[in-house]
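Quick notes on the structure that follows.
Order of the sequence lines sets the chain letters (A, B, ...), proteins ahead of strands, with each chain counted from 1.
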Amino acid sequence: MASLDLFAGENNDVTRFSERAYLLHGYVERDANAILEQLREVIKQSPLRQFVTPGGGKMSVRTSSCGDFGWITDRKGYRYTDTDTITGEPWPAMPAELKELAETAAKECGFESFSPNACLINVYHPGAAMGLHQDKDESDFSQPIVSFSLGLPATFLWGGLKRGGSPHKITLQHGDVLVWGGPDRLRYHGVKKLADGQHPLTGNVRVNLTFRVR
DNA sequence: AAGTCGCT
DNA sequence: TTGA
């Protein structure tokens, strides 16, 4: 696949929904086809899989990773690895164009030095969900999280720094990008059970990419 | 407990 | 919908 068009940046429609949490509406919409094409190549090397959590439950989301590190879980806990535990090979490289888009989005929100070395790929089919959790397996919480949404829309849940209370609901559409960091870096967050639907680019799935510094 | 269940 |  040819390089991305890198149209992102032309769209300045940004909603700030917490002190340092931002929704960039449609930020990667025009790059969506190219992003999905890159992901198909990644998934050929490291296939999607359903993890088991430490509690023994099976995640409904299908997951892979690219970059220097990939996020995994099993009964022993959550962690990053430098090789795919299925293939035994290093995780596929993070496509440079994706990394650049994530960095540009972070910069747009005032996170100047973001250089992700891990990208978690989560594919949601109808019925799949993500319970409220914190992204806390990384070592430097001064670095933000950047999240791309592609395909079917989803309801994002935005909680507090501790469990409890009712999370805010934010609709994520195809092409939207979320950035959160600073005092919001360890907020609980999740995704409501995905509603059935069809999207012209992805069919009946939602694709989510989260870029992190391990 | 990134899940599931049970009570409100 | 929330709390354990």
(Q) Rounded to whole Å, please give me the gap between NZ in A/K193 and P in B/dG3. (A) 14 Å

Q) Do A/E97 and A/Q38 have side-chain atoms, one donor and one acceptor, less than 3.5 Å apart? A) yes

Q: Return no unless some side-chain N or O of A/K169 is found under 4.0 Å from OP1 or OP2 of C/dT1.
A: yes

Q: Could you tell me whether A/S60 contacts a base, only the sugar-phosphate backbone, or nothing, with contacts defined as non-hydrogen atoms closer than 4.0 Å?
A: nothing

Q. Rounded to whole angstrom units, what separation is found between the CD atom of A/Q50 and the P atom of B/dG3?
A. 12 Å

Q | Phosphate-side-chain proximity, A/R163 and B/dA2, N/O vs OP1/OP2 below 4.0 Å | A | yes

Q: Rounded off to whole Å, could you give me the NE2-to-C1' distance for the A/H189 and B/dA1 pair?
A: 14 Å

Q: Rounded to the nearest angstrom, tell me the gap between atom CG in A/D74 and atom P in B/dA2.
A: 14 Å

Q.
Categorize A/N122 for me: base, sugar-phosphate, or nothing, with a 4.0 angstrom heavy-atom threshold over every strand shown.
A. nothing

Q: Return the value, rounded to whole Å, for the distance between atom NZ of A/K136 and atom P of B/dA2.
A: 7 Å

Q: For nucleotides B/dA1 and B/dC5, find the distance between their C1' atoms and express it as a whole number of Å.
A: 13 Å

Q) Could you give the OH-to-C1' distance, from A/Y188 to B/dG3, as a whole number of Å? A) 14 Å

Q) When you check the side-chain N and O atoms of A/W91 and A/S64, is any donor under 3.5 Å from an acceptor? A) no

Q. Does one hydrophobic cluster hold both A/L172 and A/L98, with members joined at side-chain heavy-atom distances below 4.5 Å?
A. no

Q) For C/dA4, what is the paired nucleotide under Watson-Crick or G-U wobble rules, both distances under 3.5 Å? A) B/dT4

Q) Do A/H174 and A/D176 have side-chain N/O donor and acceptor atoms under 3.5 Å apart? A) no

Q: Quick one: label A/G165 by what it contacts on the DNA or RNA (base, sugar-phosphate, nothing), any heavy atom closer than 4.0 Å.
A: sugar-phosphate

(Q) Tell me whether the side-chain N/O atoms of A/T53 come closer than 4.0 Å to OP1 or OP2 in B/dA2. (A) no

Q | For atom CG of A/L157 and atom C1' of C/dG3, their distance in whole Å | A | 16 Å

Q) Over how many whole Å does the gap from A/L132 atom CG to B/dT4 atom C1' extend? A) 14 Å

Q: Would you indicate what A/Y78 reaches in the nucleic acid, counting non-hydrogen atoms under 4.0 angstrom: base, sugar-phosphate, or nothing?
A: base

Q. Between A/F148 and A/Y27, is the gap from one ring center to the other below 6.0 Å?
A. no

